Structures are given as structure tokens and as C-alpha cells.
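Working notes for the structure below.
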Amino acid sequence: MGHARPRLPGGRVAALDVGEKRVGVALSDPRRLLAAPYGVFPSSRLEELAGRLREEGVQELVVGVPLKLSGSEGEMARRAREVGRKVGSLLGVPVRYFDERLTTREAERILVGAGLSRRRRREVVDRLAAALLLQAYLDRRRA
């Protein structure tokens, strides 16, 4: 007789990659297996972001916290936590914070490898970084 795996909660998960001026967003599928880039929102429009995530049926929020290589938190990590608290409160869903060191660099590396121009990379790097963050989070939860 095999052991049943514990059932993970369903519903979409959203990930936020918080920058100085923009927030990159990614969404999971309802089964929480795959992450996909969703969009970019100005940091000044968090209420609009929360409304869009509510429409998408988001049940959990993951916010990337950019830790320093030493593991300590700086100003951007504080800002990411602040944005996470606000959007999570507006949505009424649990917020998880996840170490996102180097996801933006990895996204940039992928886009350079794909031959995108600097202008085009700037347009998509935030949401790709959010998708990389979310996929790492989903994979870790399943492991």
C-alpha cells in the first residue's frame, strides 16, 4: 500500500518582484505547478495590482526579498516586505517571503541569451524575474 502525498492547497499563487519604480508579477496555474510572467505595475498603483490579482483568483502571494549576499536585508528588502504587506492586506491572502537573490540577474542573462535588445529586455525583465522566483517557490513546495 503506497503512501498518499499530502494535498497542497489549490488556487493561483502570484509572485511579486519589487523594484524601485515597478513591480513585476507572475502567476501560477490553479494547480500550482507552473509559473508564467503576468505583467508589470507601477509601484504607485498597488490597489490596481491587488484588484487584478483578485480577478485572477489569487489565493497566496509570494514576495521576493532581495537579500544581500551575506544574507542580511537592506533597503530594497524592507521595501519588498512593505509592498507585500500592503498587497496581501488588500487581497486578504497569506503572504510568503522568498529569497530572490540573483533572480533579476538570471532573467537578464536569459534575455541577453535570447538576443533581445536592451530596450526590449527592460520591458520584460521584471515579469520574467517574478516568474523565475515563483517557479523556484512552487518547486520547493512540492519537493
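The structure presented is a predicted model; accordingly, all values stated were derived computationally and were not measured. In this chain, residues are counted from 1 in sequence order.
Annotation for L134 and A15: closest pair CB-CB, 3.5 Å, computed over non-hydrogen atoms. A50 and L90 get closest at one heavy-atom pair: CB-CB, 3.7 Å. Summarising the geometry of G88 relative to L61, their closest heavy-atom pair is N-CD2, 3.7 Å, with the distance given to 0.1 Å. Pairing each heavy atom of L133 with each of L16, the nearest pair is CD2-O, 3.6 Å. In this structure, G19 and R79 approach most closely via the heavy-atom pair O-NE, 3.9 Å. Residues S28 and G11 approach most closely at OG-O, 4.3 Å, considering heavy atoms.
Both L53 and V83 are assigned to one and the same hydrophobic cluster, defined by single-linkage of ILVMFWY side chains at heavy-atom distances under 4.5 Å. Put simply, V40 and V63 are part of two different groups of oily side chains (I, L, V, M, F, W, Y) that touch within less than 4.5 Å, one to the next. Under a hydrophobic-cluster definition in which Ile, Leu, Val, Met, Phe, Trp and Tyr are linked whenever side-chain heavy atoms come within less than 4.5 Å, directly or via other members, M76 and F98 are assigned to different clusters.
To the nearest 0.5 Å, atoms CD (E60) and CZ (R141) are separated by 5.0 Å. To the nearest 0.5 Å, atom CZ of residue R127 and atom CG of residue D17 are 12.5 Å apart. To the nearest 0.5 Å, the span separating CG on L34 from CG on D139 amounts to 9.0 Å. Atoms CG and NZ, on D126 and K21 in that order, are 12.0 Å from each other to the nearest 0.5 Å.
Contact check for R142 versus L33: side-chain heavy atoms found under the 4.5 Å cut-off. Proximity of V87 to V23: side-chain heavy atoms (C-beta onward) are nowhere separated by under 4.5 Å. In this structure the side chain of R12 never reaches within 4.5 angstrom of the side chain of Y38, judged on heavy atoms.
Within a 6.0 Å sphere centred on CZ of R54, heavy atoms belonging to other residues, nucleotides or ligands number more than 12.
A donor-acceptor pair shorter than 3.5 Å cannot be found between the side chains of Y97 and E73.
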*Stepwise side chain to side chain contact (heavy atoms under 4.5 Å, CB included) test for R45 and R52*: CA-CA 11 Å; R45 299 184 44 197; R52 293 282 291 278; over 6 Å; no

*asked:* Using the rule given for side chain to side chain contact (heavy atoms under 4.5 Å, CB included), can you reason through V65 versus R81, listing the C-alpha separation, both sets of side-chain angles and the distance that settles it, and then say yes or no?
replied: CA-CA 7 Å; V65 177; R81 288 183 185 278; 4.3 Å; yes

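Partners of E75 according to the side chain to side chain donor-acceptor pair (under 3.5 Å) rule, which considers only residues two or more places apart in sequence or in another chain, are R78.
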